Structures are given as C-alpha cells and as structure tokens.
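These notes concern the structure reproduced below.
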Amino acid sequence: MNSPIQPPAGPEIMACHDCGLVHHVRPLREGGAASCTRCGAALYRHKPDSIDRTLMLTLAALILFVVANSFPFLTFKLEGRATTSTLMTGVIQLYEDGMWPLAALVFGATILVPLAKLLATIYVLLPLRFGRRVWGLAPVFRATEIMHPWAMMEVFLLGVIVAYVKLSDLAKLELGIALFAFIALILVMIAAEVALDPREVWHRVGRQTATRSLTAKDSSSLLSCHACNQVCRLTRGRHARCPRCGATLHRRKPHSLARTWALVIAACILYIPANLLPVMTVTSFGQGEPDTILSGVKVLIAAGMWPVALLVFFASITVPVLKIVALIFLLISVQRRSRWRPRDRTVLYRVVESVGRWSMVDIFMISILVALVNLGAIASILPGPGAIAFAGVVILTMIAAMSFDPRLIWDAREKTRDGPQTVHA
Ligand SMILES: [Zn+2]
Ligand SMILES: [Zn+2]
C-alpha cells in the first residue's frame with residue numbers, strides 16, 4: 001500500500017499497558033504476536049493491510065447498522081394479536097413507562113455508541129488510507145477506544161436469546177430481517193476489531209519520538225501515554241500532554257485508589273436495592289406479581305429453563321459480586337504493597353475489566369420484553385425500579401475497573417532496575 005506518511009525508522013519502544021514495563025519493538029513474522037515479558041499482556045500483533053481491511057469491514061458494518069435499525073426485529077403473537085418491535089421500540093417503551101435512565105442506557109449501548117464508533121473509525125481511517133490528514137484525527141481515534149467498552153451489541157444479543165427462550169412457551173415469536181442484520185453486524189464489527197492495528201494508525205497520525213539508545217536509567221524518567229502508547233520523557237510541570245495524541249500524561253492514573261474505592265463502595269450500596277426491588281412485573285390476564293432478579297431466576301427454574309436460569313444467575317448475581325470482591329482484593333493488596341503473585345493479580349484485573357459488561361444481559365432482556373409484551377389486559381410486562389439500581393451497579397463497577405491502574409500492582413516490587421526489554425515474536 002502506498003502512503004506518503006511513512007512509519008518511523010529506527011528503534012521503537014513501547015510500555016506495557018498493564019504493568020508499565022518498557023519494551024523494544026521488533027518486527028514480527030507473519031501472524032506473530034508479542035507479549036509482555038513480565039505480565040504476559042498482549043503488546044502488539046502482525047496485522048497486514050490493517051487500515052484497508054478495517055476500513056472495508058467498518059463500511060460494511062455501517063450498511064448492516066442501517067438495515068438492523070430500519071426493519072422489524074421481533075414479532076410477538078398471542079391470542080390473534082401481534083406486536084412487532086424494532087431496535088428502537090424497547091427504548092421508546094422504557095421511556096414511556098417512566099424509566100428514562102434505562103431508556104438512555106439501552107439507546108446508548110445498542111444504537112448511539114456503536115454508530116458513533118463506526119462513524120469515528122471511518123472518519124479516521126478513510127483519510128489515512130489515502131495518505132491525508134484531517135482535523136482532529138488523534139482525539140477522534142482516542143474517542144473510539146474510549147467508546148469501545150460501552151458498545152454492547154453482543155450483550156444485547158444475549159439478552160434477545162434469553163427473552164426469546166422466556167417467551168417461547170407463552171406465545172409465538174417470529175424473527176425479523178433486522179435481527180439477522182444485527183447478528184451479521186456484530187460479527188463484522190468483531191472482524192473489524194481484530195483487523196485493526198492501533199499502532200499502525202498512531203504511526204500514521206504522528207511519529208514515535210524519543211526512542212534512541214535507552215538505558216535502564218532512562219526508563220525511570222519515561223512516561224507512557226495511556227491512550228496512544230507514545231513513550232515520552234518525563235518533564236517538569238504538572239499537566240504534561242502527549243505530543244502525538246494530546247492526552248494528559250500521568251505516570252499512573254491520578255487518584256486511582258481513592259476513585260476506585262469510592263466507586264466500589266457506591267456499587268455495594270446500590271447492590272442492595274438492585275436485589276430487593278422488583279426489576280419487572282409480568283401480568284397475564286390480570287394476574288402477575290413483581291419479580292426481583294433472584295425471583296426471576298426461580299421462575300425460570302420452575303419453568304424448566306435451566307440453561308437460561310443459570311446464565312441469568314451467573315451474569316446478574318455471580319459476576320457483579322465476584323467483580324466487587326476482586327476489586328476490593330486488588331485495592332487492598334496494592335495498599336498493603338503486596339508482592340504476592342503480581343502476574344496473577346494482573347490477569348485477575350484483566351478478567352474483571354472484560355467480563356463486567358456482560359452483566360447488562362438482564363437489563364437488555366427487560367427492554368426487549370417490555371417492547372414485545374405490550375398487549376394490555378392479555379399480557380404486559382412493565383419495568384421495575386430495581387432495574388435502574390442494577391444497571392447502576394454494573395456501570396459503577398465498570399467505571400471502577402477502568403479507574404484502577406494495574407501498574408500499581410507492579411510498583412511494590414519495582415525499584416526500576418528493569419531497562420527496556422526485548423520481546424520475541
Ligand atoms: Zn506487562
Ligand atoms: Zn498519546
């Protein structure tokens with residue numbers, strides 16, 4: 001591929017995102033990947049034609065996105081009456097039921113953020129593909145990385161599956177074109193994610209500087225940009241900015257421990273109403289009573305839907321509790337300057353950071369149920385206040401995990417003897 005913007009020549013260094021150790025970057029063989037020599041985190045991969053492939057996949061995803069939002073998603077048939085829903089129906093219904101925080105959450109996670117991410121990716125990659133630069137490349141690309149955990153289409157799809165199983169013995173459900181487009185959209189977006197090499201994009205946005213002849217002594221005076229991985233020399237002055245992407249530079253995330261503690265404690269408090277208040281009320285022919293998360297699981301078991309009951313129990317009850325416990329454990333271990341198994345603790349952190357969003361499954365299931373089961377006296381499902389508290393728990397624990405700086409785990413044992421490391425493909 002031709003491009004007037006050349007990748008940098010000469011030695012390049014990068015710091016591990018998870019533990020902060022500085023590595024020399026070496027060219028990789030075909031299909032190769034480099035991981036951190038200390039904590040095992042993935043550093044970079046060989047991804048040929050990354051920008052071309054990601055751009056094509058993202059354009060395809062945009063077309064699928066339009067289809068997924070324009071056609072019927074699911075149709076619910078009961079007693080000769082039918083309700084057809086699109087992706088937006090659940091959002092509108094939640095809003096009309098007075099649950100605007102949930103409506104905003106479902107709208108953001110399944111429609112707004114995925115669309116913004118697609119458009120932002122195209123905005124960055126299209127000009128770079130033709131060797132041009134447009135205004136705001138760096139902040140827009142930084143924003144796509146921030147948006148990444150908040151685009152939850154695959155979690156929504158799991159919610160669709162749970163809702164489908166739950167309704168299947170009550171009524172007839174028909175799958176619409178939009179649902180198939182939505183599944184294709186998820187697969188194409190995952191493929192685009194896999195094809196994208198952020199290092200390549202950052203190279204084209206701006207060169208990596210300050211990389212020659214580093215010694216062990218230097219690595220203590222280096223700062224790694226958490227957004228674009230540019231390694232910079234530590235300068236005096238309080239608000240240093242990354243010369244490449246403009247993000248504020250910190251040696252560690254500021255006030256990481258205090259912030260994470262505050263968010264974890266808030267999540268613990270919200271966890272109580274999330275489990276005591278009803279998350280939804282199912283009414284069928286005038287009968288029905290409010291369900292909490294736990295009683296909802298019991299209903300599923302009583303109906304013999306074991307796999308779905310286990311899935312909901314795991315996603316809605318086990319995962320949030322384990323996540324809070326794991327974060328408290330990491331916080332205490334860092335505060336006690338523990339040297340115990342830093343590598344395992346880093347892996348634990350990575351798991352906590354990546355599984356959290358899957359707890360949203362129950363919220364998405366509710367949004368699908370309230371949209372479909374809306375037949376007045378025959379059958380209707382209404383959301384309950386517990387759902388808002390539960391969504392709050394999931395969001396707070398997600399932000400708590402993002403606030404925690406895993407490099408703190410390694411600080412206890414580090415008296416910065418480690419110079420730049422060489423990684424092998
Ligand atoms: Zn590492
Ligand atoms: Zn940067």
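Note that the structure is predicted; figures quoted are calculated from it, not measured. Order of listing sets the numbers, starting from 1, for every ligand and every atom in it.
- Around the Zn ion (ligand 1), the protein contributes the following N, O or S atoms under 2.8 Å, ordered by chain and number: C16 SG, C19 SG, C36 SG, C39 SG.
- In this structure, K47 and D197 approach most closely via the heavy-atom pair CD-CB, 3.9 Å.
- Nearest heavy-atom pair, M402 versus W150, reported as atom, atom and distance to 0.1 Å: CE-CZ2, 3.5 Å.
- Among R345, R350, R343, the single residue meeting the salt bridge (Lys or Arg N to Asp or Glu O under 4.0 Å) criterion with D18 is R350.
- The side-chain hydrogen bond (donor to acceptor under 3.5 Å, both in side chains) test applied to T292 returns S295, not counting sequence neighbours.
- Classification of the F404-Y349 ring pair by plane angle, with boundaries at 30° and 60°, yields tilted.
- Taking every heavy atom of both residues into account, I301 and A309 meet most closely at CG1-CB, 3.6 Å.
- Aromatic pair Y123/F141: ring centres not closer than 6.0 Å.
- Here ring pair (Phe, Tyr, Trp, His ring centres under 6.0 Å) pairs that include residues 294-348, with residues two or more places apart or in two chains, number zero.
- Neighbours of the Zn ion (ligand 2) restricted to protein N, O or S atoms under 2.8 Å: the count is 4.
- Using bins of under 30°, 30° to 60° and over 60° for the plane-to-plane angle, the ring pair F156/F364 lands in the perpendicular bin.
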